[in-house]
Number of protein chains: 2
Amino acid sequence: MTRRIRTFSRQTTDSPGSEAVVDTSFLESLLGYNARRAALTIIEVFLDRMSVYGLRPVDFSLLSLVSRNPGITSRQLCSTLGILPPNLVKLVADLDKRGLLQRKPHPTDGRAIGLHLTVDGRKMVREAEVTARELEDGVAATLTTEEREVLMTLLRKIYKQ
Amino acid sequence: MTRRIRTFSRQTTDSPGSEAVVDTSFLESLLGYNARRAALTIIEVFLDRMSVYGLRPVDFSLLSLVSRNPGITSRQLCSTLGILPPNLVKLVADLDKRGLLQRKPHPTDGRAIGLHLTVDGRKMVREAEVTARELEDGVAATLTTEEREVLMTLLRKIYKQ
DNA sequence: TATTGTTATACTCTATAACTATA
DNA sequence: TATAGTTATAGAGTATAACAATA
């Protein structure tokens, strides 16, 4: 819960003597470079704004999915969020300990466990989702509503193939 | 150099019984979620195609920057790529050991070290940049040339503020 | 035999503190 | 005093192998 400050993208007032400008034109012509930089920028703001809830991006995504898919299994969460099963165990266990979600036996599959939000979990997700919208309004402030939609549509075309 | 295979985004044939579709509509309405998924998709392809050169994204970015900015210092690389100085040391040292770049005394600042590509480094960067273009043509195959430009322009507006 | 969830574990990535040499 | 580069190290993130219980 003790969230650390990300300093790497500060690149504040730069240096004193060697104030030479770096040519980044080639990297900036690559989709991968731009997508990664943009994602890291948004994550940085996300970590800051979501620290009041004690939620990292992965916790938020997980809770939001459970919220809209009550009874979802770990396996479904793994394939949806791209998390390996062993790494999901602690995520779910921690959110369980915090009283945000509950594990219940799956109605039809004895191996599986259905995940459900608690009352507290539902309340937090509701508030955190509002914060997520607000924070994205901030990072996308230089984009028009249409540009923002176009951007998300094009990004989805990249990862949904 | 022994690159491992990323399996998390495989989500192959999904499951047998519980083939329920997961509602991801809210997450997909968030810029951060879409940007991160797209970046990870591109990185996965990058790792695969660049494994012949033994270059990870950070190695490639570093060499490409040194190529276009001969004599660039570690400090400049750090602020450009968002890497913390202690973490850059091994990156540069490894590329030096591989004979791809050289460290030379900085002409005016005795504390600093200028980075330069070797002949082998220049050759590898040249080839790797071609491969990077090809691989991006692949991941962006469903986009028109104009859409691809729009996408990169909008991404730059997110992280250049 | 295959799958769900799990434990143990290892490797990579990212971060902080503190040092040295130079400015 | 401040900055460039470095060392040591800690913590988070991501990966594999192997197991028990159930299908």
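Every chain is numbered from 1 and lettered A, B, ... according to where its sequence line falls, protein lines coming before strand lines.
dG13(D) atom C1' lies 10 Å from atom CG of Leu91(A), rounded to whole Å. Atom CG in Leu115(B) sits roughly 14 Å away from atom C1' in dT6(D) (whole-Å rounding). Straight-line distance from the CG atom of Asp94(A) to the P atom of dT6(C): 13 Å, rounded to whole Å. For Leu101(B) and dG5(D), the CG to P distance is 13 Å, given to the nearest whole Å. The separation between Leu81(A) atom CG and dA15(D) atom P is 14 Å, rounded to whole Å. Taking atom CD1 of residue Ile72(B) and atom C1' of nucleotide dG5(D), one finds them 15 Å apart after rounding to whole Å. The distance from atom CD1 of Ile83(A) to atom P of dA12(D) is 16 Å, rounded to the nearest whole Å. The interatomic distance linking Leu77(A) (CG) with dT6(C) (P) rounds to 12 Å, in whole Å.
Closest-nucleotide positions on DNA chain C for Ala112(A) and Asn87(A) were compared, and the one nearer the 5' end corresponds to Ala112(A).
Applying the side chain to side chain contact (heavy atoms under 4.5 Å, CB included) test to Val58(A) and every residue at least two apart in sequence or in another chain returns Arg56(A), Ile83(A), Leu91(A). The ring pair (Phe, Tyr, Trp, His ring centres under 6.0 Å) test applied to Tyr33(B) returns no partner, not counting sequence neighbours. Residues passing the ring pair (Phe, Tyr, Trp, His ring centres under 6.0 Å) test with Tyr159(B): none are found, sequence neighbours excluded. By the ring pair (Phe, Tyr, Trp, His ring centres under 6.0 Å) test, Phe26(B) pairs with no residue at all, sequence neighbours left out.
Using a 3.5 Å distance cut-off with no hydrogens or angles, the side chains of Arg68(A) and Thr24(B) do not pair a donor with an acceptor.
Using a 4.0 Å heavy-atom cutoff across all strands shown, Ile113(A) reaches sugar-phosphate atoms only and no base atom.
Between dT14(D), dT6(C), dT6(D), one nucleotide has an atom nearer to the side chain of Arg36(B) than all others, and that is dT14(D). Picking from dG5(C), dA15(C), dT6(D) the nucleotide with the shortest atom distance to the side chain of Pro85(B) gives dT6(D). Across dT16(D), dT6(C), dA15(C), the shortest atom-to-atom separation from the side chain of Leu84(A) is found for dT16(D).
Applying the salt bridge (charged side-chain N to carboxylate O under 4.0 Å, His left out) test to residues at least two apart or on different chains, the pairs with a partner in residues 21-30 of chain B are Lys160(A)-Glu28(B).
Note on Arg103(B): a side-chain N or O is less than 4.0 Å away from OP1 or OP2 of dT6(D).
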How does protein contact run along nucleotides 17-23 of chain D, one letter per nucleotide 5' to 3', with B for base contact, S for sugar-phosphate only, - for none, heavy atoms under 4.0 Å?
B----BS
Applying ring pair (Phe, Tyr, Trp, His ring centres under 6.0 Å), run through Phe60(B) and Tyr53(B) and close with a yes or a no.
CA-CA 9 Å; Phe60(B) 173 80; Tyr53(B) 305 108; 8.7 Å; no
